[in-house]
Q: 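Below: one structure in structure tokens.
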Amino acid sequence: MSQPLVPQPTLARQRVAKPLTLLAASLLAPLVASPLVAQSDARTVLEAPGALQRAADHGRAKAEETSSVTVHLKLHDEDAYNQALAELYHPGSPTFHKWMTPSDLARYAATPEEMATVRKEMESHGLTILDADAESSSIHARGNVTQLEAAFQTEIHEYEYAGKTFRANARPASMPGAAGTLIKGVTGLTNMPFKSHAVSFKEPHSGKTLAPIKVPAGTNPVLSTLFTSNCFTGAGEVQFQSVPASPGAPALPAASYYGPVYNAVNLPCGYTPQEVQAHYGLKAAYKAGYEGEGQTIVIVDGPSYAATVASDFALFNKWTGLPNPASYNFHIVYPDGAPSPIELEYITDWTTEADLDVQWAHAMAPKARIVLLITPTQDWTEFEYAIQYAVKNHLGNVISNSYGYPEFLYGKSTVEGFEQVLKAAAAAGVTVNFSSGDSGDEGTGNPHAGGASYPATSAYATAVGGTTLNLLNPGGTYADTGWGVNESFLSFGWTYPLDPPYVAGFVYGAGGGESTYIPKPAWQSSVPGTGRQEPDIAAIADPGTGGIFVYYGSLSAIGGTSLASPVFSGIWALALEKAGAPLGQAAPLFASLPAGAIKDVLPVTSPQDVAGYVVDTKGSTYYSAATLSSPLQNTTSFYSALFDETNDHEGDYDALAFGTDSSLTITQGWDNVTGYGQPNGYTFITDVAATVAANTP
């Protein structure tokens, strides 16, 4: 009988890691910023999360409801730990990229006596200990609301925000007695769920996503007949004329608009893996023998139907012509137990996200091993625990994460525990990537007002922003820009021109901005502001120019920075293969790479951007491209195109503006939509490996 993927936890647990399948071969493989708050001998007080200021309070949570929590203990001599960690990422340092071992980390960890003190306090209130990890100085436990309230001296209420219900401590929390002086942070007092960053293209008028394309059983579809990658065409004109009110009356209002065309009428816009590989210049890497062999990409996702993910992955590989990984190259693990049927059916289903992540990480690194970690709930404490589990068990050297929430929903101490987990990953040489979000500045109107997405804003992770692919310029050239889309409605059918056109404004776009909690790390010294800025790099994200994927056996196009993160993680796996060693956090390297390693993503505009006239009984009114694309906020250059909605085929027309990402701005050099830009294929891969080698003693 073959061995499990990883050693099973030795402590008694209510839920244990249970691989979906067994491997014939083992997958075991072999910063930077100041601490958020100073160490103190006083009892740690954990504020209530910021979401409570925006949420409806529905009163005390039900006493019997249960939740997992992770208590993170204070480290010893954390200033020295931070300095040692910074040296790991400082080029030319004697310890550059000489990653810390468990024994190195043990010098800073909580003592066995301190762990025992906190554990005893937790157990005294009825909490069941699931895992006590001395290496990470954390204790993972489970309890009901009554037990959690007693253990942390607070009240837990039920809240509702943006249509989602969650539990959270209604007032500041702390642990009583000596244990309270030993803890740094607690994750799980709030079970506010993380948000998946997968986005499907929706038609503006109807709000409908395009119907999935069903493939007859046993057939192999020709993708070029189902999707187009020629998503923009040359400029054209559309005219609308109302039905006359009476015979002989003028047909007013009437309208005429001219501009480039977003070409998704007959076929949805979607790119195949081979087209995206070519777009990022990866064919040269594959030709040189770098396809991810020997590397493992770990993917962390919420509750998903594992059997569906596996079958969709097999179909994706068959239909796109990618190699189908052998059983030892794809594996699913439940770090804290499998999601319940109730969780999957009635509460949440992350299968879309898991399908997307697995398929597109594999598309970029076809020979890399993939380990999918599925959490039992979408509570953020479970995602944190999954990352900790992956690092502790050495599952892989790159971890891709496509989720988060804006910082204004948290509190400063709320992120302390997660920061400690990500810091340990950075110290161990593990790359942890997060998508930057899909809602621009999250409605704050300001890139510095808390709309940036955590954990992407962590100083110990790499934030991946998003782009729109292949906008067509009048000269016949193509260019990418940062992902951000505004919309205007021009007509309801051929006979109903809108007078005036309805300017709907911002729809979606890559997240970014400045952290309100995390200080700017040293490797961002050339970037403006005083807080950690996101993103660091970018990849394909606009669902209007998205990637093809298989979901529940059907074909669709998908986007969001959920797509950007596995795409970049796959490219990074090729860099790991080229370097022949773990590379740790990716972001600190970007500013020091040679020119040409990263392609700057710039604003794109056209002299033909959509503009036009509406004629009514009062005369003729001109609507400029800027008016139809507003509100532009900080944006001065954008690209707009006409779009004929495809679901109704009745001539509902819109103007779509690309590169208009709320108050975030695409600029030359680093910007808060695309970071430093997008990886430049094999040049990026070789330059990363060469830069690391040149600075390693």
Q: Specify whether His157 and Tyr159 have parallel, tilted or perpendicular ring planes, treating 30° as the upper limit for parallel and 60° as the lower limit for perpendicular.
A: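 Because their plane-to-plane angle is under 30°, the rings of His157 and Tyr159 count as parallel.
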Q: Tell me every residue that passes side-chain hydrogen bond (donor to acceptor under 3.5 Å, both in side chains) with Glu407, counting only those two or more places apart in sequence or in another chain.
A: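 If we apply the side-chain hydrogen bond (donor to acceptor under 3.5 Å, both in side chains) test to Glu407, skipping adjacent residues, the hits are Thr457, Ser515, Thr516.
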Q: Going by the rule ring pair (Phe, Tyr, Trp, His ring centres under 6.0 Å), which residues pair with Phe408 if we only count those two or more places apart in sequence or in a different chain?
A: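 With neighbours one apart ignored, the set is empty.
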Q: Under the ring pair (Phe, Tyr, Trp, His ring centres under 6.0 Å) rule, collect the residues that match up with Phe152, sequence neighbours excluded.
A: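 None.
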Q: Could you tell me whether a side-chain N or O of Ser436 sits under 3.5 Å from a main-chain N or O of Gly511, the two making a donor and an acceptor?
A: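 Yes.
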Q: Which pairs pass salt bridge (Lys or Arg N to Asp or Glu O under 4.0 Å) with one or both residues in residues 391-404, sequence neighbours excluded?
A: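 Listed once each, the pairs are Asp133-Lys392.
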Q: Ring-plane angle category for Tyr403 and Phe383, please: parallel below 30°, perpendicular beyond 60°, tilted otherwise.
A: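 Tilted.
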Q: Please enumerate all residues that pass ring pair (Phe, Tyr, Trp, His ring centres under 6.0 Å) together with Tyr81, with sequence neighbours excluded.
A: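 Tyr81 satisfies ring pair (Phe, Tyr, Trp, His ring centres under 6.0 Å) with Tyr108 only.
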Q: Applying side-chain hydrogen bond (donor to acceptor under 3.5 Å, both in side chains), name anything that partners Glu121, two or more places apart in sequence or on another chain.
A: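 Per chain and number, Glu121 pairs via side-chain hydrogen bond (donor to acceptor under 3.5 Å, both in side chains) with His125.
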Q: Quick check against the 3.5 Å criterion: does Asp379 have a side-chain atom that pairs as donor or acceptor with the backbone of Glu382?
A: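 A pair under 3.5 Å: no.
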Q: Are Tyr676 and Trp523 close enough that their ring centers fall under 6.0 Å?
A: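 That pair fails the under 6.0 Å test.
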Q: Is a side-chain donor or acceptor of Ser565 paired with a backbone partner of Ser562 at a separation under 3.5 angstrom?
A: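 Between the backbone of Ser562 and the side chain of Ser565 there is no qualifying donor-acceptor contact (under 3.5 Å).
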Q: Excluding sequence neighbours, so at least two apart, what forms salt bridge (Lys or Arg N to Asp or Glu O under 4.0 Å) with Arg60?
A: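 Only Glu149, Glu155 meet the salt bridge (Lys or Arg N to Asp or Glu O under 4.0 Å) criterion with Arg60.
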Q: Report the residues that fulfil salt bridge (Lys or Arg N to Asp or Glu O under 4.0 Å) with Asp536, sequence neighbours left out, ordered by chain and then residue number.
A: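 With sequence neighbours excluded, Asp536 shows a salt bridge (Lys or Arg N to Asp or Glu O under 4.0 Å) to Arg532, given in chain and number order.
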Q: Would you call Lys423 and Glu78 a salt bridge, taking side-chain N to carboxylate O under 4.0 Å as the test?
A: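 Yes, charged N to carboxylate O under 4.0 Å.
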Q: Evaluate the ring planes of Trp380 and Tyr410, with Trp represented by its six-membered ring, and classify them as parallel (under 30°), tilted (30 to 60°) or perpendicular (over 60°).
A: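 Geometry flag for Tyr410 against Trp380: parallel rings.
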Q: Holding to salt bridge (Lys or Arg N to Asp or Glu O under 4.0 Å), I want the full list of residues that pass it with Glu47, two or more places apart in sequence or in another chain.
A: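 In terms of salt bridge (Lys or Arg N to Asp or Glu O under 4.0 Å), with neighbours along the sequence ignored, Glu47 is linked to no residue.
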Q: For Asn672, give me all partners under side-chain hydrogen bond (donor to acceptor under 3.5 Å, both in side chains), at least two apart in sequence or on another chain.
A: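 Asn672: no side-chain hydrogen bond (donor to acceptor under 3.5 Å, both in side chains) contacts found.
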Q: List in chain and number order the residues that pass ring pair (Phe, Tyr, Trp, His ring centres under 6.0 Å) with Trp572, two or more places apart in sequence or in another chain; answer none if no residue qualifies.
A: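 Only Phe568 meet the ring pair (Phe, Tyr, Trp, His ring centres under 6.0 Å) criterion with Trp572.
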Q: Does any donor atom in the side chain of Ser402 or Asp357 lie under 3.5 Å from an acceptor atom in the other side chain?
A: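 Note: Ser402 and Asp357 side chains meet the donor-acceptor criterion.
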Q: Which residues satisfy the salt bridge (Lys or Arg N to Asp or Glu O under 4.0 Å) test with Asp104, sequence neighbours excluded?
A: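 Here the qualifying residues are Arg107.
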Q: Can you confirm if the aromatic rings of Phe434 and Tyr454 lie within a centre distance of less than 6.0 Å?
A: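 No.
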Q: Does Trp99 have its ring centroid less than 6.0 Å away from the ring centroid of Tyr89?
A: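 Yes, ring centres under 6.0 Å apart.
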